[in-house]
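Scroll down for the structure; my scribbles are underneath it.
For the numbers below, each heavy atom of this structure counts, side chains included, while hydrogens, waters and symmetry mates do not. So that the names make sense, note that chain A is the first sequence line, chain B the second, and so on, each numbered from 1.
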Amino acid sequence: MKYDFSAIEQKWQKYWAEHDSFKAVTGSPKPKFYALVEFPYPSGSGMHVGHIKAYSGLEVVSRKKRLQGYNVLFPIGFDAYGLPTENTAIKTGVHPRQVTDNNIAKFTSQLKKVGFSFDWSRVVDTTEEDYYKWTQWIFLKMFENGLVFRDKTLVNYCPSCKVVLSNEDSQGGKCDICHSNIVQKDKEVWYLRITEYADKLLQGLDEVDFLPNIKLQQENWIGKSVGAFVEFSIKEQDEKLRIYTTRPDTLYGVTFMVIAPEHPIIEKYRDSIANIDALDKYKEECSLKSEFERTQLVKDKTGVKIEGLTAINPLTGKEIPVYVADYVMMGYGTGAIMAVPAHDTRDYDFAKKFGIDIIEVIKGGDIEKEAYTGDGEMVNSGELNGITNKKDAIAKVLEVLKAKGVGEAGVQFKMKDWAFNRQRYWGEPIPIVHCPECGIVPVPYEELPLRLPPVENFQPGTDGESPLARIDDFVNCKCPKCGHDAKRETDTMPQWAGSSWYFLRYCDPNNDSALASKEALDYWMPVDWYNGGMEHVTRHLIYSRFWHKFLYDIDAVTSSEPYAKRTAQGLILGPDGVKMSKSRGNVVDPNDVVDEYGADVLRVYVLFMGDYEQAAPWSENSLKGCKRFLDRIWNMQDILTDGDEFSKELSAPLHRTIKKVSEDIEALKFNTAIASMMAFVNAVYEKGSINKAELKALITILNPFAPHMTEEMYSNIFGGILSEQAWAEYDEALCIEETVEVVVQLNGKVRAKMNIPADMSQDDMIKTALENETIKPMVEGKTIVKSIAVPKKLVNLVVK
RNA sequence: GCGGAUAUGGUGGAAUGGCAGACACGUCGGCUUCAGGUGCCGAUGGUAGCAAUACCGUGCAGGUUCAAGUCCUGUUAUCCGCACCA
């Protein structure tokens with residue numbers, strides 16, 4: 001009886017759909033388990049094997065939890081707003097709505113074909129009105145709470161996509177969407193004040209069970225630094241130059257100051273700066289540099305001294321020259337630094353190049369050669385002299401600064417506020433009206449959703465304006481406050497908006513009076529286990545934690561953190577060991593695999609191919625091995641015997657396998673779980689038969705991995721539905737064989753093996769070892785210095 | 001520069017400090033087959049040996065231990081993230 005995967009997979013997929021087999025029930029008295037995977041962006045090219053791996057992990061966990069009696073919420077949806085769809089629309093002339101619908105239909109059919117046990121009644125689509133209504137609602141709540149603001153500063157701009165990007169979206173100076181180089185542009189845009197939540201986002205990490213490197217990446221991204229703000233008077237003006245430093249202890253070593261090219265003090269006093277032309281020219285040069293040049297040519301410091309502004313050291317009263325240089329960024333700290341060349345490598349490079357004095361204030365290095373950033377005794381530092389460590393020196397100097405009223409302790413974050421807009425069509429309209437009388441006015445809540453108007457032409461404007469700006473019906477409106485003629489905001493929200501709260505909507509996807517009911521949130525949240533890609537750790541994962549923490553603060557959700565646990569799967573590389581990409585032509589289409597081998601084989605393979613968290617190359621041959629494994633289990637129907645308890649020979653191996661699979665699934669070690677089932681299968685064929693009780697246990701623990709085949713087998717042999725049965729139990733005591741093989745080592749080298757009862761005492765093990773026929777002659781006439789016995793493992797005799 | 005991860009056969013990968021290489025792929029040999037991109041059986045880290053067996057072996061160099069892939073110190077390579085963050 002050959003296994004016809006195609007017919008059987010369709011049969012069971014139909015059954016599950018018709019019977020709502022995986023429907024989560026809000027309020028069920030069973031223990032709840034919320035398993036979340038990152039919902040896909042429905043791209044035109046369809047699913048990628050990476051999606052399959054990403055979803056298969058928690059798919060297995062979910063199916064197992066259901067068998068164990070949990071009420072499992074394992075939802076799916078579509079993060080469908082975004083540029084690729086819009087770009088396809090521009091290229092093909094098909095409306096983004098239509099492109100999105102087509103792509104969602106494609107993804108849905110592909111996901112169903114793999115047999116994922118999603119609750120299909122809870123699908124969310126971020127581009128649907130009754131979904132983005134609540135995205136806009138959250139935005140307005142943030143506005144109401146002062147977390148939305150408009151600012152005109154340098155923004156990251158992608159000239160190719162023609163959009164402003166957040167810091168998170170322009171990592172490494174490249175556009176996250178098209179990978180072109182980012183340029184800096186002066187533009188007024190919307191921001192979300194995520195920095196307000198920097199500390200909370202940092203502290204929240206203590207409460208959650210995230211993989212250590214995920215926590216670390218978030219910590220680094222948030223980038224908290226502890227230091228001090230210090231004010232330097234300007235000699236020529238009634239002005240203070242405020243700087244941020246992490247090393248206030250080196251204040252006596254300051255020999256120059258540096259401000260960013262965009263620092264406002266230059267504009268303010270441009271008339272009294274003698275070399276303003278040179279400064280303007282320098283600023284111009286800097287703005288033309290790409291992010292790439294600015295970061296790659298690190299070693300070569302450039303700058304211009306300001307003629308006409310001189311700073312005064314607040315502790316010594318000494319005059320200090322002020323330079324403009326692009327190694328100081330306007331976006332961090334105050335855009336101005338005190339430079340201590342003796343103890344900072346960048347300042348050192350700059351001082352060497354410009355011939356500025358270098359004053360040592362901490363002993364321990366050789367400042368003739370390089371900057372010394374270590375600890376040591378303070379010198380040349382007035383009241384700080386003699387202090388021998390940084391911590392005490394900082395404490396002391398802060399005391400002095402405070403007493404003089406010229407400085408105080410402070411913290412800074414690397415994370416910047418979230419540039420929250422796209423000058424494009426396919427996104428959530430920002431619910432704001434610009435009124436000539438009242439200024440910025442939020443759209444009233446009762447007018448939500450503010451619908452995205454249909455358009456014919458969704459080409460982005462050449463002037464950096466959104467296509468929405470060309471739709472008069474949309475743009476022209478009345479001010480909700482005063483009724484005056486006003487104009488709507490025409491930017492849309494960035495890609496990440498809809499995904500920042502989708503996991504909440506799953507709890508109660510059809511609610512039209514709230515983003516989700518309190519009852520549903522209270523029941524399901526927080527997410528028990530969230531799995532996704534590492535690439536989202538400093539984007540979506542931070543953004544959504546921020547939104548959730550905000551919603552918690554306004555009492556819209558019931559838990560302070562959205563995700564109790566977060567893991568990440570490794571990439572699937574191409575067969576050539578390199579990341580899959582269309583241009584390399586090494587992409588594997590999961591559809592082809594399902595058609596040729598069946599969904600169960602695909603599912604087993606993506607989990608067996610290696611450590612789930614590690615990247616691994618695709619291998620067609622290994623895939624065949626998984627097919628062989630499943631076929632061997634299917635063929636057990638030919639060697640099946642009666643029996644309602646485990647046979648003597650297979651009892652211990654089976655108990656061990658159940659234990660191993662149960663534990664490994666929870667630990668994300670699917671590869672070893674599958675390996676242990678393979679080993680059991682080998683044991684069965686060695687014995688030549690398997691009884692019904694044993695087969696039932698085997699297909700139960702295999703069910704989460706290969707649900708179609710195991711359902712069919714269960715139905716054939718036992719009648720009934722396997723996914724409605726209970727998980728197989730194991731007995732710890734029965735995992736152990738009665739007799740075990742242990743090795744006997746002499747001086748750490750294996751010399752003999754012996755079969756002994758598993759529960760033999762350590763003394764008896766040594767005694768038995770000494771009487772062993774191989775060992776006995778080898779130790780005769782020698783002294784036994786030491787003997788170690790490890791139960792069930794080994795005996796080691798140290799002889800001389 | 002900073003931070004992180006990884007390093008084990010021909011390959012993917014297993015190993016609470018306790019027989020390194022589970023499991024799988026590949027390869028070789030055999031059986032079944034008209035045939036095989038099927039199925040089954042056996043072998044498979046390296047070196048030496050007909051063999052029993054011996055020695056060597058987890059990037060490299062040390063150390064701790066009865067015992068180290070695993071712990072400690074140092075070091076190299078690769079990959080990833082951040083990056084003139086004051």
Under the side chain to side chain donor-acceptor pair (under 3.5 Å) test, residues paired with [X] that sit two or more places apart:
X: A:Asp357; result: none
X: A:Arg628; result: none
X: A:Tyr332; result: A:Ser225
X: A:Arg545; result: A:Gln218, A:Glu561

Produce the list of close N/O pairs, under 3.5 Å, pairing protein atoms with atoms of nucleotides 62-66 of chain B; give distances to one decimal.
{"unit_1": "B:C66", "atom_1": "OP1", "unit_2": "A:Lys786", "atom_2": "NZ", "d": "3.4"}
{"unit_1": "B:C66", "atom_1": "O2'", "unit_2": "A:Asn796", "atom_2": "ND2", "d": "3.4"}
{"unit_1": "B:C66", "atom_1": "O2", "unit_2": "A:Asn796", "atom_2": "ND2", "d": "2.6"}

Pull out every protein N or O sitting under 3.5 Å from an N or O of nucleotides 38-40 of chain B, one pair per line with the distance.
{"unit_1": "B:C40", "atom_1": "OP1", "unit_2": "A:Arg632", "atom_2": "NH1", "d": "3.4"}

Considering only side-chain heavy atoms of A:Ala679, which listed nucleotide, B:C19, B:A86, B:C23, is closest? B:C23
Measure from the side-chain heavy atoms of A:Asn682 and tell me the nearest of B:A15, B:G13, B:C23. B:C23
Which stems does RNA chain B form, counting runs of 3 or more consecutive Watson-Crick or G-U wobble pairs with both distances under 3.5 Å? B:1-7 with B:76-82, B:10-12 with B:23-25, B:26-31 with B:39-44, B:45-48 with B:53-56, B:59-63 with B:71-75
Lys/Arg N to Asp/Glu carboxylate O, A:Glu737 vs A:Arg656, below 4.0 Å: yes
Do the side chains of A:Arg242 and A:Glu408 get close enough for a salt bridge, i.e. N-O under 4.0 angstrom? yes
Per-nucleotide protein contact string for nucleotides 1-6 of chain B, where B marks a base within reach and S marks sugar-phosphate only (heavy atoms under 4.0 Å, - for neither): --SSS-
Students often get this wrong, so: under 4.0 angstrom with heavy atoms, is A:Gln412 touching a base, only sugar-phosphate, or nothing? nothing
Which part of the nucleic acid, if any, lies within reach of A:Ala615 when heavy atoms closer than 4.0 Å are counted: base, sugar-phosphate only, or nothing? sugar-phosphate
Can you sort out the partners of A:His263 under ring-ring contact (aromatic ring centres under 6.0 Å, His included), two or more places apart, ordered by chain and number? none
Set of salt bridge (Lys or Arg N to Asp or Glu O under 4.0 Å) partners for A:Asp249, sequence neighbours left out: A:Arg247
Heavy-atom donor-acceptor pair, A:Lys414 side-chain to B:C82 base, under 3.5 Å: no
Determine, stepwise, if the pair A:Glu663 / A:Lys659 fulfils salt bridge (Lys or Arg N to Asp or Glu O under 4.0 Å). CA-CA 6 Å; A:Glu663 289 173 356; A:Lys659 175 178 154 77; 3.1 Å; yes
Sort me out a list of protein N/O and nucleotides 53-58 of chain B N/O pairs below 3.5 Å, or just none if empty.
{"unit_1": "B:A54", "atom_1": "OP1", "unit_2": "A:Arg751", "atom_2": "NH1", "d": "3.4"}

Step through the shown structure and confirm whether more than 12 heavy atoms of other residues, nucleotides or ligands are within 6.0 Å of NZ on A:Lys687. yes
Contacts satisfying side chain to side chain donor-acceptor pair (under 3.5 Å) that involve residues 739-761 of chain A (not counting sequence neighbours) are A:Ser761-A:Asp764
